[in-house]
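So the structure is just underneath, and the comments pick up after that.
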Amino acid sequence: METPDYPLNPQQLEAVKQTEGPLMIFAGAGSGKTRTLTYRFAHIIQSKRAHPTEILAVTFTNKAAREMRERIVSITRIRARRLFVSTFHAFCLWMLRSYGDKGGIDPKFSILDDGDTKRLMNTIFKEMSINSRFLTPRRALWEIQHAKAHGIPPENYTYGSYDLIGKRISEIYEAYERHLKTLNAMDFSDLLLNAYRLLMHSPGTLAHFRQAFRYVMVDEYQDTNFIQYQIIKQLAWEHRNLCVVGDDDQSIYSWRGANKENIRLFHEDFPEATVIKLEQNYRSTKTILHCASHLIRHNSTRTEKTLWTENDTGDPVVLYEAGDEEDEARWVIEKIQDLSASGFPWHSFAVFYRTNAQSRVFEERLIRSGIPYQIFGGFKFYDRKEIKDLLAYLKCLVNPGDELAVRRAVAAPSRGIGKGTLDQIKTFSITHNLPFLEAMGKISEDPAFKMRKRVRPFYDWLMEIRSLTAEMEISEILEKIVKESGYLTPYEGSSDPRAQSIIENVQELISAVANYEEEADSPSLEEFLDLVSLMTDTDTLNETSGKVTLMTLHSAKGLEFPVVFITGLEEGLFPHERSLVDEGKVDEERRLFYVGITRSQKRLFLSFCRERYQYGRASFRPRSRFLRELPEDILQGTPKRKSASLHGSHSPFASTKLSTGATAPPNTRSEAGNNGNDFKVGEQVIHPVFGRGIIKVRELGNTHPKLLIHFEGIGLKLIYPKFVELTRI
DNA sequence: CCATCGACCCTTTTT
DNA sequence: GGGTCGATGG
Ligand SMILES: Nc1ncnc2c1ncn2[C@@H]1O[C@H](COP(=O)(O)OP(=O)(O)OP(=O)(O)O)[C@@H](O)[C@H]1O
C-alpha cells in the first residue's frame, strides 16, 4: 500500500515510506522532524506492516508523547487502547513494573524524586561523616547520576586521575545503592539503567521485547544518553527497524548525560542506515531563521545543514537594553500588550529565560497588568509540602520498605513519634532484615519497646487503611487519610492565605486523583503514583490556553510560539558563568540560544540588563557575547523611551542599536550622582528631566538604592539617584 | 519531642 | 532573597 496523501514534502514523504531498516532523519529546527515521525508511525499502521502496539516511539517529554499519540489516532482513526508512545523514563518504568520480576526486581519499588535523593545523600554523608568543601552531597549525586547514565556501577567508578576523591565517591555511590535497595526504591537514572540491565540479564525478556516492538523510533535523538541508546539498540538489533530523528544543533542536555556521540554510534552500529535530510523550515520567518543560522555557525563542532523557508521575511528582531530586571520585565509586558492590541491572543507569547530564578519579576508584572499566564519549571504542584506529605501516606501503602515515605507521613502532622523512635525502628529493621513499615509493626507489639504505645495507633490505623485499598476508590482513601490524620486541622478556620492555599491544594490533589480514576483504563494506586513521579509541569502546558507562557529555554525545546522573548542575555547568565570555563560548554549555551530563537514563528524580542539583582545584591554584567554573533542588519534596537509608563526609562540606559563585531561599549553611566542614602520618603525633589516630584518609596538595595518618585503630571518613576542629579527642594 | 530561629549555601538547565 | 538543616529552649 502507498502513502495516502499525507501533507508532507518529498523528503518527509521519503522518510515516511522508508519503514524498513535503520534510518536517520537529520535536520535543522522547524523542518518537520516530529511531524514526519508522527506520519511514519501512522503509515506503518495504515500500510498494515505492523499492529499499532508493535511500534515503539520514544519522545522527550510526556507532553510530546501525548500529542504524538493524539495525532496518530486522528490520522489513522484507530481505536488506540495502548499505543507505545512515551518518554524513555515512562517506557522503562513500564518494562520494570511488568517484567522486572524476571530480573529479580520487586515490582512495587518506589521512585525517588530529587528532594528524596538529596535527603538520602545528606544522611549518607552524615553516616560516613563526610564534611568536605570539595565533596558535597550535591556533587556526589551529580557524579552518581552521570555514572548511571553511562552504566557504570560503584565498583567501576573512577574520577579522572584523582584517585582519592574518586574512591570516596565510589564508596558513597555504593552506600547510596545499598540504601536504595533497603528502601526498595529507584532514582530517575535507575529507571533507565535497571531496564537496560533487565534486558541484558534476562535473555527471555530481551527476546520478548525484540519481538513485541518490531519498529522503534526515537525523537530528539541528539539528547539521548548512553544507556538510552543501548536500550533502543538492543531492541532493534535483530529487525533493525530503528528510526532516529535529531539535530546536533539542538543538543542541550549533555549536562545530564546526553551524548551527541550517539549520532556517530548509530552510524557505527547500523552502517547500512539511510540518512534523510529535511531542509525546509515551516515555522519561522526568513529573518528569524537567518538570525538562528548566523548564530549557530559560531559553534566549532557541528554538521553544517541547509535550512531555508518560503515564509515571509517578517519583522526585524528587536533588542532592548534594560536598566535592570524590573525594566526588562516592564518592557516585555509592554510589548506583549502592544502586540495583543494588534490581534495576537495571549497564548501567542512566550517569555524564555536561562534560569528559573528570573521568572519572578515577569510573574509580578503580569499579575499587576492582569494578563493571564502559565509558568513552567521550578516549583511543581507535586513538589509542594502538603502534596508530598499526603502522597507519602499513599506510598507507604504500596511499598512498606519506603522509609522516606513512612518518616514523612509520621511527621505530618506530628504525632509524638520523633527521630529517636524512628531511628530505633530503623535499627530494628536492619537487624531483623525487615521492611521499615513491618519493623514498625513488630515494634508496636513488642513490650520491650516503651515507645510502642505511641507507634501502635499510627501503625494500626495505616494497616486498616491498607486493608481497604482493594475495595475503596483511591480518592476515597485519600480523603479518609486527610480526615482521620487531621492533616488540615491546624489550617482550618485560619485566615492566613497560606493556610487557605494548603487546603485548596489538598482539595486539588483529591480531585486530581478522582480525575485520574475516571480517565484511566484500570486505575490503580501504583499507577497513579508512577504518573505523578514522571509528571513534569510542561506536560500540562496548553498552547491554546489564552495565557502567556513563561519558561526556561530548556523547557522550550520542541515547542513553537508566534512571539518569543528571550531575556537575560548577559555574559555570565546566558552564557551561564558555570559554562565559561569550557569552550564546549559555551557551545552548548549557544545551542540553547539557537533552540530559543527557532521556537519563534513571527516575532522575536531579545533583551539584557545593565544591572541585575542576584541573591539580593546588584551585579553588573556586559551583554552576552551571543548578541555579537547575530547578523547586525536585521537587529533593531528599541528607540529611547519617552516617559509615560509606570516604571521609568532611566535615561542613562537608553537602548542602543546593537554594535556587532566589537566588544560591548563601556558602561556609560555617570557616577556623579548621589548614592541615594540620604533621601527620605516624603521629601520633594527636582529631577532634571521629570521635574518636581515627591519620593514615595525608598528601596535600599545594596549597592544601588532606588527611589520610587511621583512626578507631577507624569506619574510614578523608578529613579536611581546614583545616576541622576536630584535636587532637594 | 517539637517549634522556632538563625546560619549557610545557593542557582544553571530536568526526565 | 529564600529554602534547608541544625542548634536551642520550651
Ligand atoms: N510539510 C509541511 N507542511 C506544512 N507544515 C509543516 C510541514 N512540515 C512541518 N510543518 C510545520 O512546521 C512546524 C515545525 O514542525 P516540527 O515541530 O515537526 O519540526 P521539528 O523539526 O521537529 O522542529 P524542532 O526540531 O525545531 O523542534 C510545525 O508547525 C509543523 O506543523
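A, B, ... follow the sequence lines: proteins, then strands. Residue 1 opens every chain.
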Worksheet item: If you find the nucleotide of DNA chain B closest to A:Arg138 and the one closest to A:Tyr253, which residue's nucleotide is nearer the 5' end?
Response: A:Arg138

Discussion item. For A:Leu192 and A:Glu589, find the nucleotide of DNA chain B closest to each by heavy atoms; which residue's nucleotide sits nearer the 5' end?
Written reply: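 Checking each residue's closest nucleotide, the 5'-ward one belongs to A:Glu589.
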
Worksheet item: Quick one: are the ring centres of A:His554 and A:Tyr253 less than 6.0 Å apart?
Response: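 Yes - the distance between ring centres of A:His554 and A:Tyr253 falls below the 6.0 Å cut-off.
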
Worksheet item: Is the ring centre of A:Tyr99 less than 6.0 Å from the ring centre of A:Phe209?
Response: yes

Does a side-chain N or O from [X] land closer than 4.0 Å to OP1 or OP2 of [N], or not?
X	N	answer
A:Lys557	B:dT13	no
A:Asn356	B:dT14	yes
A:Thr552	B:dT14	yes
A:Ser555	B:dT14	yes

Euclidean distance, atom [atom1] of residue [X] to atom [atom2] of [N] [Å, nearest integer]:
X	N	atom1	atom2	result
A:Trp255	B:dT15	CH2	P	8 Å
A:Glu364	C:dG1	CD	C1'	12 Å
A:Leu112	B:dT15	CG	C1'	14 Å
A:Trp142	B:dT13	CH2	P	11 Å
A:Phe226	B:dT15	CZ	P	23 Å
A:His554	B:dT13	NE2	C1'	4 Å
A:Arg407	B:dC1	CZ	P	11 Å
A:Glu588	B:dT14	CD	P	13 Å

Worksheet item: How is A:Asn62 classified with respect to the nucleic acid when contacts are heavy atoms under 4.0 Å: base, sugar-phosphate, or nothing?
Response: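 Here A:Asn62 touches no strand at all.
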
Practice prompt. For A:Lys585, answer base if it contacts any base atom (sugar-phosphate contacts may also be present), sugar-phosphate if it contacts only those atoms, and nothing otherwise; contact means non-hydrogen atoms under 4.0 Å.
Written response: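 It contacts nothing in the nucleic acid.
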
Worksheet entry | Nearest listed nucleotide, side chain of A:Asn122, among C:dG6, C:dC5, B:dT15 |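 Ranking C:dG6, C:dC5, B:dT15 by closest atom to the A:Asn122 side chain puts C:dC5 first.
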
Worksheet item: Which nucleotide in the list C:dC5, B:dT15, B:dT13 gets nearest to the side chain of A:Thr355?
Response: B:dT13

Worksheet item: With a cut-off of under 6.0 Å to the ring centre and 45° to the axis, is A:Arg256 in cation-pi contact with A:Trp142?
Response: no

Fill in: Six-ring centre of A:Phe84, A:Arg82 cation under 6.0 angstrom, axis tolerance 45°
yes

Worksheet item: Among side-chain atoms of A:Gln250 and A:Tyr594, is any donor-acceptor pair under 3.5 angstrom?
Response: no

Worksheet item: Considering only the C1' atoms, how many Å lie between C:dG6 and B:dT11, rounded to the nearest integer?
Response: 23 Å

